[in-house]
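Structure first, then comments.
Below, read A as the first sequence line, B as the second, and so on, with proteins coming before strands; counting in each chain starts at 1. Keep in mind it's a predicted model, so treat the numbers as computed, not measured.
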Amino acid sequence: MEKKYNPKSFEDRLYREWEESGCFKAVRDDSKVPFTIVMPPPNITGQLHMGHAMDETLQDTIIRFKRMQGYCALWLPGTDHASIATEVKIVEEMKREGLSKEQLGREGFLERAWAWKEKYENRICTQIKKLGSSCDWSRLTFTMDEKCTRAVREAFVNLYNKNLIYRGNRIINWCPRCKTTLSDVEVEYAEEAGHLWHIKYFIEGKNDALVVATTRPETMFGDVAVAVNPKDARYRRLIGKNVILPVVNKPIPIVGDEHADMEFGTGVVKITPAHDPNDFEVGLRHRLPVVRVMNDDGTMNDKAGKYEGLDRYECRKLLLKELSEGGYLVKEEPHAHNVGHCYRCGCTVEPIVSRQWFVKMEELARPAIDAVMNKKVTFIPERFAKTYYNWMENVKDWCISRQLWWGHRIPVWYCEECGAEICEKNDPEVCPVCGGKSLAQDEDVLDTWFSSALWPFSTLGYPEDTSDLEYFYPTDVLVTGYDIIFFWVSRMIFSGLEHMRKVPFRDVLMHGLVRDEKGRKMSKSLGNGVDPLEVIDKYGADSLRFSLLQGVAPGNDTRYSDAKVEACANFMNKIWNASRFVITNAENVKVKPLQQVKPGAADKWIISKLQAVIRDVTLALNKYELGVACQILYDFTWSDFCDWYIELCKPALYGGDEAKKESVIAVLTFVLENTLKLLHPFIPFITDEIYRNLPGTEGTIMLKDYPRYNSKIAYKRDAAAFEGIMDIIKAVRAAKTELGCPPSKKVSLYIVTESRRLISSNEDSILKLAGAKDITFISSAQEAGEKAVAKVLHIGTLYIPMGELVDADKERARLEGELETVMNEIRRADGKLNNSGFMMKAPKKLVDEERAKLDKYMAMREKILEQLKNL
RNA sequence: GGUCGAUUAACUCAGUUUGGGAGAGUGUCUUCUUGACGUGGAGAAAGUCACAGGUUCGAGUCCUGUAUCGACCACCA
């Protein structure tokens with residue numbers, strides 16, 4: 001083994017070996033229980049960020065754990081075509097070359113998009129591999145692969161035939177820059193400082209006017225009415241009359257509608273059904289026409305008269321000027337309001353009436369809600385179920401058509417002869433209605449999330465009834481960020497239930513965002529993003545992985561910091577060196593299996609600790625508490641194993657007793673091997689590299705059994721007794737520091753105790769670790785000599801004569817401090833035991849424990865007082 | 001307006017379904033180059049668990065309310 005922990009020297013090599021030897025491949029094996037995770041497919045828009053790194057690490061840790069536990073573990077990787085996101089990127093790239101979509105044409109554009117896909121998919125997969133992800137690459141799926149297309153068509157046609165997909169004229173969100181619709185969840189709202197303009201609409205034939213308040217005056221060309229609340233005494237009598245639309249000089253009716261809020265503005269609202277969702281509803285109720293005034297690119301159309309062709313904001317400016325000059329504009333006040341933006345390009349979204357394809361949600365939502373209610377799907381942490389219910393219960397129909405080229409084309413054709421609408425899985429040749437041959441496919445593509453929604457089963461072979469689907473579906477856990485519950489999780493749930501009749505996964509493990517050191521969201525515009533690859537290059541993948549898992553609680557955001565990774569790199573170094581120590585000592589000897597040696601007290605202690613760790617880590621992992629599991633392993637490895645056990649071993653290793661040495665080496669090897677196995681799912685590279693250097697091992701650690709708790713070697717009592725020895729060592733060390741005595745100075749120890757045998761048998765360890773020269777058992781304090789520091793411990797009382805080094809004042813102060821602590825404990829225990837409620841209601845075991853504690857502390861108090869007197 | 005989360009050491013955070021002696025990492029102070037590791041060892045200081053009530057023999061943990069911060073959803077002419 002190399003002297004230094006140098007991840008670069010083995011990470012890539014090990015990954016190649018794992019992959020080439022087929023360790024990641026999951027093949028149906030009916031003798032095993034399947035455990036399946038489908039990877040949330042990263043977008044092929046660019047490269048992986050820290051959020052991905054966290055997502056992949058969580059999944060890899062879980063899947064490696066399950067694989068070692070003997071499950072047939074499948075982690076299925078993939079990438080997402082990310083329709084709009086990718087198209088935006090490609091168009092940007094083309095723009096830099098002076099090209100436009102129109103110039104290339106659909107065919108040419110798609111060719112370019114596929115080339116893009118090749119490039120970025122490769123890059124992303126390389127990055128995922130760098131992290132150590134043990135996914136089955138032979139199953140790598142892209143959301144626009146042939147099999148996904150088949151799944152999309154099947155699903156679409158199913159829904160269409162059940163009337164759950166329809167085409168209709170409705171208000172949708174329109175991005176004038178991307179020139180496509182967006183679903184409701186694709187719109188991001190941000191508060192903006194705007195204005196509220198009060199505009200006079202004269203009542204027909206009168207000199208009187210109604211004043212409407214609007215934030216978007218330019219839409220007035222599409223006004224088809226003004227509404228007042230029917231309960232509003234101010235305006236009630238005007239209902240049924242007309243007002244004259246300024247500038248346009250056209251009469252439009254005054255309608256009575258609840259939508260008009262008497263409290264807001266003037267209580268009169270203009271109705272523009274084509275450009276506002278609420279107005280659209282009002283329009284439906286009053287059978288008003290729908291007048292669209294804007295083009296797809298956000299410019300005004302011919303309805304805007306002389307403003308035709310102008311951008312919406314330019315038009316607003318000029319129109320306001322005209323209104324003001326005409327005396328129509330009565331007031332302009334600042335008004336903060338939420339404005340919707342395209343989640344991909346940031347452009348202000350326009351609500352526009354348009355003919356689009358929709359998924360009818362009501363019927364699909366109900367079983368999806370029930371599935372979570374009935375615990376067929378469990379959110380971890382549970383609170384996210386509520387978020388899910390809130391959304392699902394109020395969900396509106398899902399607009400799925402996009403005016404883009406990159407994506408799954410909508411499987412609907414129109415007969416140019418009879419006008420029939422044909423929805424079929426396979427491209428139709430002739431019109432089934434009239435037999436006509438000129439059919440045109442719908443120009444639009446589907447929302448990228450339509451194919452993502454099918455991901456858990458499209459990847460396994462749906463719509464075919466495959467063996468994989470039967471075996472691996474439903475999948476076991478979906479690991480993803482809480483930010484895509486609406487986009488993705490909910491849609492997978494109702495899609496799985498609809499198309500597969502089964503939920504897509506049993507558990508949903510949510511994680512939060514990875515933020516920067518200051519708690520800010522990592523983003524391009526802030527420039528505070530950290531590239532996982534750079535971190536791996538600097539510290540190694542294991543350090544990054546461990547830092548991302550350490551201290552995470554499900555669903556909580558975490559902060560990334562270099563300092564944290566560095567601390568983890570130190571941990572790797574610690575593991576590396578401890579292992580090197582064990583391996584070096586085991587090198588030229590035949591390592592016996594644990595069963596063939598007689599463990600001593602320290603050996604039993606570490607073996608016992610190990611059993612507890614096995615139990616607790618397994619429990620934590622089963623509950624997806626990866627952060628907790630990390631902490632347990634970190635503490636055990638560093639403190640128990642390295643700081644204590646290895647040090648405790650040294651007397652035996654360097655002493656002359658061969659049997660002892662043999663036994664210690666067996667235990668060292670046993671504990672290290674198990675620790676490596678326990679750690680492997682979290683830090684796969686270093687653990688495998690060391691494992692291969694361990695005596696008596698063969699092959700990769702990743703296919704070995706995960707350690708199981710063994711009650712036969714749990715040694716609970718022995719371990720507790722040994723803690724007494726450790727207390728002695730700690731006490732000596734502390735006494736030396738407190739009194740300014742150098743640790744290297746060897747001291748004599750005098751002990752009053754009932755555990756002489758235990759102490760004798762561990763004399764070597766005590767002498768070595770405490771820095772002592774001898775131990776003498778005594779029966780009273782006086783025997784320790786005149787000036788001795790006393791340490792009252794559970795195992796007994798320890799006296800250390802320190803001659804000149806002891807400062808009597810310091811020692812008195814120390815003892816008084818100790819007395820104070822003990823008195824506090826006595827008060828606490830006494831209080832409890834004198835509390836009749838506690839005595840009557842607390843479990844007997846607890847009362848007994850408390851009484852024993854009190855006795856112990858009382859004895860300690862006596863000793864300390866005696867000591868103070870002697871000083 | 002609705003929902004949810006956070007508030008624990010100087011900093012970053014664990015502490016859960018099942019209430020029973022406040023934890024880790026980083027930083028700080030003291031100290032040690034002893035044959036795995038100075039990316040280290042040993043020891044220490046450091047907390048009114050946001051606040052106020054309540055339930056309980058007992059609350060960081062359960063309940064109610066308040067404050068501050070944050071997220072999401074909805075509405076906003």
Side-chain angles (χ1 to χ4, degrees), chain A residues 1 3-5 185 189 191 196-198 212-216 219 226-227 259-261 264-272 276 278-279 335-338 381-384 386-387 389-391 394 482-483 485-486 512-513 517 519 547 550-559 561 563-564 566-585 620 623 625 627-628 630-631 634-635 642-643 646-647 650 653-654 729-730 733-738 740-744 768-769 771 824-825 828-829 831-832 835-843 846 849-850 853:
Chain A
M1 270 177 88
K3 276 220 162 145
K4 273 200 148 177
Y5 164 61
V185 289
Y189 290 89
E191 182 130 304
L196 198 56
W197 286 282
H198 294 245
V212 303
T214 179
T215 53
R216 299 193 309 153
T219 63
V226 296
H259 169 244
D261 181 351
F264 190 93
T266 56
V268 186
V269 55
K270 67 193 208 58
I271 301 300
T272 323
D276 183 280
N278 288 312
D279 291 4
H335 177 71
H337 60 145
N338 264 343
E382 266 174 293
R383 67 184 134 93
F384 287 107
K386 202 159 181 177
T387 311
Y389 294 139
N390 278 341
W391 188 75
N394 301 301
Y482 59 69
D483 48 335
I485 293 178
F486 308 141
L513 263 43
E517 273 158 309
S547 80
Q550 215 182 20
V552 300
N556 285 8
D557 289 353
T558 50
R559 294 188 192 197
S561 81
K564 218 193 254 177
E566 214 170 305
C568 292
N570 290 349
F571 180 49
M572 299 308 135
N573 188 59
K574 191 77 184 172
I575 296 171
W576 185 263
N577 278 298
S579 304
R580 215 158 48 82
F581 172 81
V582 174
I583 290 164
T584 313
N585 277 292
K623 289 190 285 181
E625 286 161 9
V628 174
C630 276
Q631 195 57 47
Y634 182 95
D635 290 342
C642 294
D643 291 345
I646 286 185
E647 293 308 320
K650 286 178 180 174
L653 285 173
Y654 304 134
I729 295 166
K730 285 187 216 169
R733 286 168 170 175
K736 285 184 178 179
T737 303
E738 281 156 16
C741 167
S744 52
K768 161 104 174 121
L769 269 66
N824 279 337
E825 291 301 331
R828 191 191 56 75
K832 273 196 172 182
N835 180 329
S836 59
F838 176 78
M839 295 305 282
M840 280 161 61
K841 294 188 180 173
L846 213 64
E849 271 173 29
E850 212 53 53
K853 279 181 202 167

(Q) Nearest heavy atom decides the nucleotide; on that basis, is A/Asp557 or A/Leu653 closer to the 5' end of RNA chain B? (A)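 Closer to the 5' end of RNA chain B: A/Asp557.
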
Q.
Here's a test of your reading of the structure: between A/Arg216 and A/Tyr634, which maps to the more 5' nucleotide of RNA chain B?
A.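 Residue closer to the 5' terminus by nearest nucleotide: A/Tyr634.
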
Sugar-phosphate only, base, or nothing, as touched by [X] at under 4.0 Å among non-hydrogen atoms:
{"X": "A/Gly551", "answer": "sugar-phosphate"}
{"X": "A/Ala563", "answer": "nothing"}
{"X": "A/Cys568", "answer": "nothing"}
{"X": "A/Val552", "answer": "nothing"}
{"X": "A/Lys768", "answer": "nothing"}
{"X": "A/Thr215", "answer": "sugar-phosphate"}
{"X": "A/Val628", "answer": "base"}
{"X": "A/Lys4", "answer": "base"}
{"X": "A/Ile271", "answer": "nothing"}

Q.
Is the shortest side-chain heavy-atom distance between A/Phe384 and A/Ile485 below 4.5 Å?
A.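 A/Phe384 vs A/Ile485: side chains touch.
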
Q. Are any of the side-chain heavy atoms of A/Leu196 and A/His337 separated by less than 4.5 Å?
A.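 Of all side-chain heavy-atom pairs linking A/His337 with A/Leu196, none is under 4.5 Å.
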
Sticking with atom [atom1], work out how far [N] lies from [M], rounded to a whole angstrom.
{"N": "B/rG58", "M": "B/rG20", "atom1": "C1'", "result": "7 Å"}
{"N": "B/rC51", "M": "B/rU8", "atom1": "C1'", "result": "14 Å"}
{"N": "B/rA9", "M": "B/rA45", "atom1": "C1'", "result": "11 Å"}
{"N": "B/rG15", "M": "B/rG41", "atom1": "P", "result": "26 Å"}
{"N": "B/rU56", "M": "B/rC72", "atom1": "P", "result": "41 Å"}
{"N": "B/rA22", "M": "B/rA46", "atom1": "C1'", "result": "13 Å"}
{"N": "B/rG35", "M": "B/rU28", "atom1": "P", "result": "26 Å"}
{"N": "B/rA10", "M": "B/rA42", "atom1": "C1'", "result": "23 Å"}

Q. Under 3.5 Å, is there a donor-acceptor pair linking the side chains of A/Asp635 and A/Gln631?
A.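 Looking only at side-chain atoms, A/Gln631 and A/Asp635 do form a donor-acceptor pair, the distance falling under 3.5 Å.
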
Q: Please check if any side-chain donor atom of A/Tyr654 sits under 3.5 Å from a side-chain acceptor atom of A/Asn585, or the reverse.
A: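 No, because no side-chain N or O of A/Tyr654 sits under 3.5 Å from a partner of the opposite role on A/Asn585.
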
Pairing check on [N]: which nucleotide meets the Watson-Crick or G-U wobble criteria with it, both distances under 3.5 Å?
{"N": "B/rU64", "result": "B/rA52"}
{"N": "B/rA22", "result": "none"}
{"N": "B/rG35", "result": "none"}
{"N": "B/rG1", "result": "B/rC73"}
{"N": "B/rA46", "result": "none"}

Q.
I'd like to know if A/Glu517 pairs up with A/Lys564 as an ion pair, taking the criterion as any Lys NZ or Arg NE/NH1/NH2 lying under 4.0 Å from an Asp or Glu carboxylate oxygen.
A.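 So A/Glu517 does not pair with A/Lys564 through a salt bridge.
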
From [atom1] of [X] over to [atom2] of [N], roughly how many Å is that when rounded to an integer?
{"X": "A/Leu513", "N": "B/rA71", "atom1": "CG", "atom2": "P", "value": "11 Å"}
{"X": "A/Asp643", "N": "B/rA36", "atom1": "CG", "atom2": "C1'", "value": "12 Å"}
{"X": "A/Lys730", "N": "B/rG41", "atom1": "NZ", "atom2": "P", "value": "15 Å"}
{"X": "A/Tyr654", "N": "B/rA36", "atom1": "OH", "atom2": "C1'", "value": "8 Å"}
{"X": "A/Glu517", "N": "B/rG25", "atom1": "CD", "atom2": "P", "value": "19 Å"}
{"X": "A/Glu566", "N": "B/rG40", "atom1": "CD", "atom2": "C1'", "value": "15 Å"}
{"X": "A/Lys736", "N": "B/rA44", "atom1": "NZ", "atom2": "P", "value": "14 Å"}
{"X": "A/Leu846", "N": "B/rG19", "atom1": "CG", "atom2": "P", "value": "13 Å"}

Q. Relative to each other, are the rings of A/Trp576 and A/Tyr5 parallel, tilted or perpendicular (30° and 60° limits)?
A.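 Plane angle between 30° and 60°, so tilted.
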
Q: Over 60° means perpendicular and under 30° means parallel, so classify the ring planes of A/Tyr634 and A/Phe571, tilted if in between.
A: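 Tilted, since the angle between the ring planes falls between 30° and 60°.
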
If only side-chain N and O atoms of [X] are considered, is one of them under 4.0 Å from the OP1 or OP2 phosphate oxygen of [N]?
{"X": "A/Asn573", "N": "B/rG38", "value": "no"}
{"X": "A/Asn577", "N": "B/rU39", "value": "no"}
{"X": "A/Lys386", "N": "B/rG2", "value": "no"}
{"X": "A/Tyr5", "N": "B/rG40", "value": "no"}
{"X": "A/Arg383", "N": "B/rC4", "value": "no"}

Q: Indicate yes or no for a side-chain donor-acceptor contact from A/Asn835 to the backbone of A/Gly831 under 3.5 Å, with no hydrogens or angles considered.
A: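 Between the backbone of A/Gly831 and the side chain of A/Asn835 there is no qualifying donor-acceptor contact (under 3.5 Å).
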
(Q) Tell me if the side-chain of A/Lys564 makes a donor-acceptor pair with the base of B/rU12, cut-off 3.5 Å, by modelled atom types. (A)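 Result: no qualifying N/O pair found.
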
Q | Any donor-acceptor N/O pair under 3.5 Å between B/rC37 base and A/Lys574 side chain | A |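 Result: at least one qualifying N/O pair found.
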
